[in-house]
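Scroll down for the structure; my scribbles are underneath it.
Here the structure is a predicted model, which means the values were calculated and not measured. Quick note on labels: first sequence line is chain A, next is B, and so on, each numbered from 1.
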There are 2 protein chains.
Amino acid sequence: MLDLAVLGLLRKRPRHGYELKARLVELGFARVSFGSLYPALRRLEKRGLIEALRQSGRRKAYRLTDLGEQEFARILGSTDHDEDGRFNMRLAFFQYLEPPARLRSLKRRRSHLVSRLQNAQVALQDEIAAGSGDHYTAALLQHNVASTESDISFLDQLIAYARSEMAAEAPRTLTGGKK
Amino acid sequence: MLDLAVLGLLRKRPRHGYELKARLVELGFARVSFGSLYPALRRLEKRGLIEALRQSGRRKAYRLTDLGEQEFARILGSTDHDEDGRFNMRLAFFQYLEPPARLRSLKRRRSHLVSRLQNAQVALQDEIAAGSGDHYTAALLQHNVASTESDISFLDQLIAYARSEMAAEAPRTLTGGKK
DNA sequence: TAAAGCATGTAAGAGGTTACATGATTGG
DNA sequence: CCAATCATGTAACCTCTTACATGCTTTA
């Protein structure tokens with residue numbers, strides 16, 4: 001996941017490690033530590049996906065190479081990054097994805113969340129039925145349901161937006177063709 | 001985190017690996033894989049925190065030892081498991097924590113979320129001010145704000161509940177003492 | 001000039017992921 | 001009896017965490 005983050009952030013402009021970390025915190029990915037970030041930068045450099053531009057003082061900015069841009073597109077478009085924080089990370093870079101791919105990705109995520117919601121609802125009902133009297137477990141399960149529902153409606157908004165984008169972008173497929 | 005989960009689930013009653021995994025999925029911790037669960041069981045057994053009870057067929061149930069119960073209490077009460085999924089995991093076992101410790105833990109978590117909310121709000125304002133026109137990044141930041149707010153109000157409910165528990169449990173500290 | 005924050009790095013160890021392999025049990 | 005599901009396990013690989021070490025830059 002760090003790889004996607006680094007490549008995606010460098011796609012916009014060169015940055016150095018400390019800056020990357022700050023941006024990740026802004027985006028809500030607070031857990032990234034320097035002990036994983038710096039080794040990740042070296043790995044990516046070794047693979048030729050990014051290259052260092054020595055700067056003032058101790059700073060070491062990196063830029064995305066052409067190869068890195070290809071790899072970024074590949075990861076961003078790949079189907080298997082559906083889970084949890086990974087999806088949010090991909091969402092942060094949706095600007096670099098084609099509208100149809102966006103829509104596909106959003107729908108896939110939505111159906112993933114729907115099945116999670118069903119699981120959470122069943123678990124909550126079972127807990128209530130069991131009547132264990134454990135308020136905190138019940139509260140946790142209730143919260144799982146509520147936050148998953150909220151995530152789904154968030155997805156619905158994004159799906160509506162993505163549809164409107166596609167309608168606005170390629171209207172000539174509706175009116176075009178032979179007169 | 002897996003250690004806490006396993007010890008906590010076994011504290012109620014013995015279970016085998018497959019069962020533990022199923023319960024974790026119910027509780028919303030879906031990412032646990034058998035490739036981490038079974039080695040974790042062996043580690044815990046080696047440390048004397050759990051012990052195996054051979055059962056029918058291939059099943060191998062484990063029970064919590066006295067040492068395991070101590071270790072569970074230590075982890076559950078420890079201050080440094082404040083982050084993300086770790087907190088929810090602890091919440092699932094709040095029934096085993098003393099009411100005052102619950103309240104302390106909930107408050108700590110709340111202040112953690114409040115500072116996360118501030119960060120998220122600033123990031124959202126900055127993004128709007130920058131006017132990058134990237135709808136998806138803005139949506140992500142907006143969602144970060146909303147879901148953190150929702151988490152805080154969830155916490156507030158739990159804090160109110162924990163307070164009421166303590167008031168109900170020890171009312172004589174209010175009326176007692178010297179007449 | 002001292003402190004605080006900026007900035008990069010390494011090493012050890014723990015732990016997770018994925019893929020693979022195996023065998024038991026149950027239902028159609 | 002076959003398939004699906006239950007159930008446990010191992011190995012290779014990779015990554016993250018934590019702790020430590022270092023040095024620059026700004027500002028009070």
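Under the 4.0 Å criterion applied to side-chain N and carboxylate O atoms, B:Arg47 and B:Asp3 are assigned as salt-bridge partners. Salt-bridge check for B:Glu71 with B:Arg11: failed, with every basic side-chain N at 4.0 Å or more from each acidic carboxylate O. Salt-bridge formation is not detected for the pair B:Glu45/B:Arg42: no Lys NZ or Arg NE/NH1/NH2 atom is positioned less than 4.0 Å from an Asp or Glu carboxylate oxygen.
Summarising the geometry, the separation between CZ on A:Arg42 and P on D:dC16 is reported as 16 Å, rounded to the nearest angstrom. The CZ atom of A:Phe34 sits 19 Å away from the P atom of D:dA21 (whole-angstrom rounding). In this structure, the OH atom of A:Tyr18 is 12 Å from the C1' atom of D:dT25, given to the nearest Å. With rounding to whole Å, A:Arg47 atom CZ is found 12 Å from D:dC14 atom C1'. Atoms NZ (B:Lys21) and P (D:dT5) sit 15 Å apart, rounded to a whole Å. In this structure, the CG atom of A:Leu4 is 12 Å from the P atom of D:dC16, given to the nearest Å.
Among the nucleotides D:dT10, D:dC6, D:dT18, the one closest to any side-chain atom of B:Tyr38 is D:dT10.
At the phosphate of D:dT15, OP1 or OP2 sits under 4.0 Å from a side-chain N or O atom of A:Arg43. The phosphate of D:dT15 has neither OP1 nor OP2 within less than 4.0 Å of any side-chain N or O from A:Ser36. Note on B:Arg58: every side-chain N or O is 4.0 Å or more away from OP1 and OP2 of D:dT8.
Residues B:Ser147 and A:Phe154 fail the side-chain proximity criterion, which asks for heavy atoms closer than 4.5 Å. In this structure, A:Leu91 and A:Leu158 have side chains that are in contact, with non-hydrogen atoms separated by less than 4.5 Å. Within the 4.5 Å cutoff, no side-chain heavy atoms of A:Phe72 are placed close to those of A:Leu10.
With a cutoff of under 4.0 Å to any heavy atom of chain A, the contacted region of DNA chain C is bounded 5' to 3' by C:dC6 to C:dT10.
Hydrophobic clustering (ILVMFWY, side-chain heavy atoms < 4.5 Å, transitive): A:Leu49 and A:Leu53 are in distinct clusters.
Across all strands shown, A:Gly17 has heavy atoms under 4.0 Å from sugar-phosphate atoms exclusively, and none from any base.
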